[in-house]
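Keep in mind that the numbers below use all heavy atoms, side chains included, and drop hydrogens, waters and symmetry copies. Residue numbers begin at 1 in each chain, while the letters A, B, ... track the order of the sequences. None of the values given here were measured: they were computed from a predicted structure.
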Number of protein chains: 2
Amino acid sequence: MHSEMDDIDRKICGLLQANARASSAELAETVGLSVSSANERVRRLVSQGVVVGWQARLDPDVVGAGLCALVFIDMDYEGEPEACAALVARPEVMELHHVSGAHSYLMKIRVRDSRALQAFLQEVLKPLPAVRRTETLLSLEALKETTAMPIAGLDSGGDDA
Amino acid sequence: MHSEMDDIDRKICGLLQANARASSAELAETVGLSVSSANERVRRLVSQGVVVGWQARLDPDVVGAGLCALVFIDMDYEGEPEACAALVARPEVMELHHVSGAHSYLMKIRVRDSRALQAFLQEVLKPLPAVRRTETLLSLEALKETTAMPIAGLDSGGDDA
DNA sequence: ATTGAAAGAACCCCGAC
DNA sequence: GTCGGGGTTCTTTCAAT
């Protein structure tokens, strides 16, 4: 791609992770630039693919997604890509990781309640041909759940080289 | 607390999960309301706590958080709240779930590389008095990773760009 | 890259239905 | 709750440094 990120870029990223609706004026004030420059920085970060999207975060209970479950999935090699594609397409599936260790995949899903969980496992997951075995853990409480990345070289965000 | 969400609220939530920077004009167009009404809906959803935040999503690799790991943690009852608080405060910790099953907690962290992972486990996680045992899985590939909730009563529940 | 200023777009308060 | 209008704030563009 191109040029490296500097400290100002990192600060802006950190601010936008905490508040995606921060105005250019706010950003400019915090990082010590003019409004135009701050705006230009954001535009660059988006066009360079550093910022890949903007999400509103919702209260899970209010929208009927209060139950969170972690599901280990063992898959056969045959039909694995199709099964993954089918799962990724489902709105209940919030994460799908190909993991090292005893199981093939770890999936995080959110549904309304245990009935909906049961329905998902029986009607969506198990019918997939590649799915051999599953093991479900309930998230009894999500103490933290964010997509905000630690930003290398930012004090409030992670470690340095 | 108060009134229930209607279909329009759900649609707006879905749209804002996919694009938190959608203008009131866009929202109004999609749900079939005036700009004023759409704006008022968003204001209400925020003040009622349905929308709890706005996040920019960043490319993990670009910001130096390319390595994702899932860590099972067994904890003693003594000192458990302090350990959880310490972990939640760390920017590398993206999720911390109290889970059912053989282990106490499942934590998702993001760091730069395996060296940083090793450092985190040795210098942050293990020194916590309550932490008895840990088991780390590497996410070899995150096929999906979102905070967009499925919205009950909305057909195209939220997946993002 | 950064800046100030001007043009354009968006948001927000308000009174009416 | 919804709507349109008018004032205000924000974003975007532009010429210049």
Side-chain angles (χ1 to χ4, degrees), chain A residues 1-59 62-64 148 151-155 157, chain B residues 1-59 62-64 148 151-155 158 160-161:
Chain A
M1 317 273 200
H2 24 11
S3 50
E4 278 304 299
M5 288 180 61
D6 61 10
D7 284 339
I8 295 182
D9 286 327
R10 282 186 277 271
K11 274 185 192 166
I12 291 177
C13 283
L15 293 167
L16 289 177
Q17 279 195 142
N19 177 18
R21 290 214 155 178
S23 69
S24 297
E26 278 180 77
L27 299 176
E29 166 73 20
T30 308
V31 303
L33 281 183
S34 69
V35 176
S36 310
S37 297
N39 207 331
E40 169 67 10
R41 293 279 188 148
V42 174
R43 202 194 53 73
R44 255 190 44 231
L45 290 169
V46 172
S47 75
Q48 291 186 355
V50 180
V51 174
V52 297
W54 311 92
Q55 281 194 346
R57 288 197 315 119
L58 307 182
D59 183 323
V62 176
V63 297
I151 300 175
L154 192 64
D155 43 347
Chain B
M1 313 309 171
H2 19 6
S3 49
E4 277 304 300
M5 288 179 62
D6 61 12
D7 285 337
I8 294 181
D9 286 327
R10 281 185 278 272
K11 274 186 193 167
I12 291 177
C13 284
L15 292 166
L16 289 177
Q17 279 195 140
N19 177 18
R21 290 213 154 177
S23 69
S24 297
E26 276 180 78
L27 299 176
E29 167 73 19
T30 308
V31 303
L33 282 182
S34 70
V35 176
S36 311
S37 297
N39 207 331
E40 167 68 11
R41 293 280 188 144
V42 174
R43 204 193 53 73
R44 255 189 45 230
L45 289 169
V46 172
S47 75
Q48 291 185 358
V50 181
V51 173
V52 297
W54 311 92
Q55 281 193 346
R57 289 198 312 121
L58 306 182
D59 183 323
V62 176
V63 297
I151 300 176
L154 191 63
D155 40 352
D160 62 306

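- Each end of the helix from dA1(C)-dT17(D) to dC17(C)-dG1(D) gets its own rotation axis from five pairs of C1' atoms, and the angle between them is 30° to the nearest 10 degrees.
- When the P atom of dT11(D) is taken as reference, atom CZ of R41(A) falls 17 Å away, rounded to whole Å.
- Distance CZ (R44(B)) to C1' (dT2(D)): 12 Å, rounded to an integer number of Å.
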Short N/O separations, protein against nucleotides 4-6 of chain D, under 3.5 angstrom:
unit_1	atom_1	unit_2	atom_2	d
dG4(D)	N7	S36(B)	OG	2.7
dG4(D)	O6	S36(B)	OG	3.2

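- The two residues C13(B) and V50(B) make their nearest non-hydrogen contact at SG-CG1, 3.8 Å.
- In this structure, the CD atom of E26(B) is 14 Å from the P atom of dA9(C), given to the nearest Å.
- Here the straight-line distance linking atom CD of Q55(B) with atom CG of N19(A) works out to 10.0 Å at 0.5 Å rounding.
- Between S37(A) and dT3(C), a side-chain N or O to OP1/OP2 separation shorter than 4.0 Å is present.
- Here the shortest heavy-atom pairing between A28(A) and S34(A) reads CB-O, 3.5 Å.
- Taking each heavy atom of A25(B) and V35(B) in turn, the nearest pair found is CA-CG2, 4.1 Å.
- Nearest heavy-atom pair across A56(A) and A20(B) is N-CB, 3.6 Å.
- For E40(B), the salt bridge (charged side-chain N to carboxylate O under 4.0 Å, His left out) partners two or more places apart in sequence, or in a different chain, are R43(B).
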Dump every N/O contact between nucleotides 7-10 of chain D and the protein below 3.5 Å, one line per pair.
none

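- DNA chain C is contacted by no residue of residues 14-22 of chain A, taking any non-hydrogen atom closer than 4.0 Å.
- When the side-chain nitrogen and oxygen atoms of N39(B) are compared with OP1 and OP2 of dC12(C), one or more of them lie within a distance under 4.0 Å.
- The CD-C1' distance, from E29(B) to dA9(C), rounds to 16 Å in whole Å.
- Q17(B) is listed as a side-chain neighbour of I151(B), based on a closest heavy-atom distance under 4.5 Å.
- One atom, CD of Q48(A), and another, P of dA1(C), lie 9 Å apart when rounded to the nearest Å.
- OP1 and OP2 of dT13(D) both lie 4.0 Å or more from every side-chain N or O belonging to R43(A).
- Evaluation of the side chain to side chain donor-acceptor pair (under 3.5 Å) test over residues 5-14 of chain B, restricted to residues two or more places apart or in two chains, returns D6(B)-R41(B), D7(B)-R10(B), D9(B)-R41(B), D9(B)-R44(B).
- The closest side-chain heavy-atom distance from L58(A) to V51(B) is below 4.5 Å.
- Summarising the geometry of G49(B) relative to D59(A), their closest heavy-atom pair is O-CB, 3.5 Å, with the distance given to 0.1 Å.
- Remark: C1' of dC14(D) and CD of E40(A) are 12 Å apart, rounded to the nearest angstrom.
- Here the closest non-hydrogen pair linking L154(A) and G14(A) is CD2-CA, 4.1 Å.
- Between I8(B) atom CD1 and dT2(D) atom C1' the separation is 10 Å, expressed in whole Å.
- E4(A) has its CD atom 13 Å from the P atom of dA1(C), to the nearest Å.
- I8(B) contributes atom CD1, which lies 4.5 Å from atom CG of L33(B) (distance to the nearest 0.5 angstrom).
- Contact check for S24(A) versus V42(A): no side-chain heavy atoms found under the 4.5 Å cut-off.
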